[in-house]
Amino acid sequence: MKTTRPNMLKISTWPAWLASLALLIAMPALAAQNALNTVSVAEGESGSQVIKIILKEALAGEPVSFSTSNPHRLVLDLPNTGNSLGRTQENLNVGVIKNYQVVQSGDRTRIVFNLNGPASHELRKERNMLLAVLRGVGKAASEPTTVVPTRFAETGKQRDHGIRDVEFRRGKNGEGRIAVTLSDPGVGIDIQQKGKAIQVDFLNTSLPSPLQRRMDVSDFATAAQMVETFEQDKNTRMLVTPKGKWDYSAHQTGNQFIMEVRSLDDAKAAKSDKPLYTGEKLTLNFQNVEVRAVLQVIADFTGLNIIASDTVAGNLTLRLKDVPWDQALDIIMRAKGLDKRASGNVIWVAPRDELIAKEKLELEARKSIAELEPLVTRSYPLNYIRADEAMAVVSGESRSLRSNQETATCSPSSEGIKAEMSTGGNTTTNTSQGGTGRTNVNRVLSDRGGASHDLTTNTLVITDTPSRHDAVEEVLKGVDVPTRQVMIEARIVIAGDTFNKDLGVKLGFRDVGNINDTDVTTSAGVNLPRAGIPGASTFGITLFNAGANALLSLEIDAMEADRRGKVVSNPRVVTTNLRPAVILQGSQIPYLSSSANTGTETEFKDALLCLLVSPQILNNDAIILNVEVTKDVPDRSVSPPAINVRRVKTQVRVNNGETAVLGGIFEQETEDSTEKVPFLADLPVLGHLFKSTSKSDEKREMLIFLTPRIIDERLGSMR
């Protein structure tokens, strides 16, 4: 019986690695062309460990290798190789290596080295021997050493390579993206951090003169500030200088080397990166390896079921360093024109066009089933929303088109609430509001479905397929909720401040001759009294000279008045969201009017205090108010009476419970007048006896305040 190898192999998660060993060992092995004979570990230079793997025959190419960081492991996959060691694990405790395990699955043998901590590794293949050099990093190192660079490729082969292009771009999440085009995928690359810069060495490569340059990339607003490329001995060196706190990742796909530098200071950039790639980081190094084998590695690492389509084929050269596994999977798929669909812990990978074609066929099949599905009629009693408005929602129309829109004005005439004439309605057509026959994309009902309503019982009746009924029920749950209410309170403050000052003089002289006789009297005088303000004070004095038979009289009129007043009006009204409301108070003033046709008639003028408002409650509890406030006061000093009008009409956004000043009007009227006798009034000191002065200063100010408060239906109070 012939045993076939599955496309993808599901393994358990890493913490249950030992449990999966028994499963993999128990699987029937295929006849392998090669065999694993020896695995040994020895101490190397500078605290390194050298792993020597001897095979029966030389490998056709470099094996697939990758490392994990939680827990720390180095994994080597040997294709077409069987296990001839006679054991599946061995404890070593040499340097950074604790032990290793050997697992054979089909014609593939995997060697897993469990490490004490992080370590960098280099692979080199010599005939039938494979050498891996491990160097511990940080606490995992056996002795203090310098930071070992990350090596993307082997350096044993001396080949001449070249750099074709170097360009810098800003990524969609604000990262600095450096793309280097290589002459071939086999270029060796070393990456290490040097102080505050990232040093990248392209081994055994030449750099054309136009590319030997220093690029200032600070204008791109990324973490990277400077990118410098130059030749260093037989290598090409690239120095990237970032700023602030930063992190970087690098990968190579074919002859494209990509390095991304991200800022850790930018909260928005950090937040946007988190939902993109959250998988555990791993390091991969593939040299011309089948894509299916790479997907197998991702499946082994994640414990997911990855199913690859039969059309997934081709080889891939890929090098990744500390990259989340989900990002590594995306890089692999972009490089080969693939896409994925996930369902639970199963991921289906196939060419993008193939997935689109399959999904299109599924949608067409689903549509065909829907056309044959029987129709069901159900009734939906509604608690808060009107049935005609609910029918508009499920039909894809605007809810406001079906709502009972009453108008509100500041007219004292009572018109009453408009009555709803119809008690039912229906809709069965799937057309747009314009009547063009175009399908309404917001329609919840299917093309075959219809709806009607009954306002008497506030019930919505739907006839449609069972699957559409589920969608209708879900939509009605979201719209059949209590409408929020708002209480709007206005304060209209009218303040007045009046000051008057008047000063006048009444001066008289009389020549009476002999007052004991009846001689003719001669008199003269100046009469310049105050302006006649009621309540003025008067001071008078009379001087009589008997010898001269003369009478002198002096009367001084003076008045000073200071009046302050304030009128406060406080209308308030409660209304529901998006519904206009009005409250008014005032009087209608009668007056007589005459005309040639009707004669004398009595007409009325309105003098009203009115608050007209329409609120819209936003999701953040702010409120947009379309408001009009009127404060009219009659002026009865004229006939027919005049109306002093004060009015404001505006739109304003106010937070719940806060007070906004809608506007104000400030008026100031000053007057300074003088009445005097020519020439005499200009005399020094005595001139005041021949003139009268009057001063007035009148200030009037109106301010309008508005405070909306949302009424909490659950508590029955405002908040």
Side-chain angles (χ1 to χ4, degrees), residues 7-8 64-66 150 152-153 164-187 189 191 200 222 224 247-262 269 272-302 304-343 346-360:
N7 288 338
M8 289 292 111
V64 175
S65 66
F66 65 95
T150 302
F152 265 34
R164 296 289 182 260
D165 192 16
V166 178
E167 64 176 11
F168 183 90
R169 293 181 181 177
R170 176 184 169 88
K172 62 180 180 180
N173 294 319
E175 71 276 8
R177 183 180 176 89
I178 305 163
V180 180
T181 304
L182 309 173
S183 59
D184 57 87
V187 177
I189 305 174
I191 306 175
V200 184
T222 68
D247 191 12
Y248 76 94
S249 62
H251 67 270
Q252 179 185 344
T253 305
N255 63 341
Q256 281 288 324
F257 170 78
I258 306 296
M259 173 179 284
E260 295 180 349
V261 183
R262 298 178 178 85
S272 62
D273 284 344
K274 287 183 179 180
L276 292 178
Y277 302 112
T278 58
E280 187 179 345
K281 292 185 178 181
L282 77 164
T283 299
L284 300 176
N285 187 355
F286 302 136
Q287 294 290 328
N288 198 26
V289 178
E290 291 185 359
V291 176
R292 305 177 74 87
V294 178
L295 295 177
Q296 175 72 57
V297 170
I298 300 294
D300 291 348
F301 181 78
T302 60
L304 297 174
N305 295 299
I306 298 182
I307 303 175
S309 172
D310 294 337
T311 54
V312 175
N315 294 346
L316 179 69
T317 296
L318 181 68
R319 301 164 187 170
L320 303 174
K321 171 63 176 177
D322 292 335
V323 176
W325 71 263
D326 45 357
Q327 182 181 8
L329 183 59
D330 283 349
I331 293 172
I332 294 168
M333 291 189 299
R334 286 200 303 266
K336 304 302 292 185
L338 305 175
D339 205 349
K340 70 178 186 296
R341 297 293 184 268
S343 177
V346 178
I347 298 178
W348 180 30
V349 178
R352 187 175 293 107
D353 295 340
E354 180 180 332
L355 287 176
I356 294 175
K358 288 182 179 295
E359 290 174 345
K360 184 177 180 181

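The shortest distance between side-chain heavy atoms of P351 and D339 does not fall below 4.5 Å. A 4.5 Å side-chain heavy-atom check between W325 and L304 finds at least one atom pair inside the cut-off. Side-chain atoms of I191 and V200, non-hydrogen and from C-beta on, do get closer than 4.5 Å to each other. Contact check for F257 versus V187: no side-chain heavy atoms found under the 4.5 Å cut-off.
Rounding to the nearest 0.5 angstrom, the gap separating the CD1 atom in I298 from the CG atom in D326 is 9.5 Å. Rounding to the nearest 0.5 Å places OG1 of T302 at 8.5 Å from CG of L329. One finds the CD1 atom of I347 at 9.5 Å from the CG atom of L295 (value rounded to the nearest 0.5 Å). Taking CE from M259 and CD1 from I189, the interatomic distance works out to 9.0 Å, rounded to the nearest 0.5 Å. The structure places CD1 of I332 at 9.5 Å from CG of D330, a figure rounded to the nearest 0.5 Å.
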>> Applying side-chain contact (heavy atoms from CB on, under 4.5 Å) to V166 and V180, what does each step give before you reach the verdict?
In response: CA-CA 5 Å; V166 178; V180 180; 4.3 Å; yes
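The minimum heavy-atom distance linking F301 with K281 is given by the pair CZ-O, 3.7 Å. Closest approach of K340 and L355 over heavy atoms only: N-CD1, 3.8 Å. In terms of heavy-atom proximity, V312 sits nearest to R292 at O-NH1, 3.0 Å. The two residues F168 and G176 make their nearest non-hydrogen contact at CZ-CA, 3.7 Å. Closest heavy-atom contact between A335 and T253: CB-CG2, 3.2 Å.
Checked against side chain to side chain donor-acceptor pair (under 3.5 Å), D165 has no partners two or more places apart in sequence or in another chain. The side-chain contact (heavy atoms from CB on, under 4.5 Å) check on A179 picks up E167, Q256, I258, with sequence neighbours excluded. Every residue meeting the side-chain contact (heavy atoms from CB on, under 4.5 Å) condition with E359, not counting sequence neighbours, appears here in chain and number order: R341. For T311, the side chain to side chain donor-acceptor pair (under 3.5 Å) criterion is met by S309, E354, not counting sequence neighbours. Shown here are the side-chain contact (heavy atoms from CB on, under 4.5 Å) partners of K336, two or more places apart in sequence or in another chain: V291, L316, L338. For E260, the side chain to side chain donor-acceptor pair (under 3.5 Å) test picks out R177, R262, with sequence neighbours left out.
At least one donor-acceptor pair closer than 3.5 Å links the side chain of Q252 to the backbone N or O of P185.
Heavy-atom contacts from other residues, nucleotides or ligands closer than 6.0 Å to CZ of R164 number more than 12.
Shown are V297, V349, V346; of these, the side chain to side chain contact (heavy atoms under 4.5 Å, CB included) with I306 is made only by V349.
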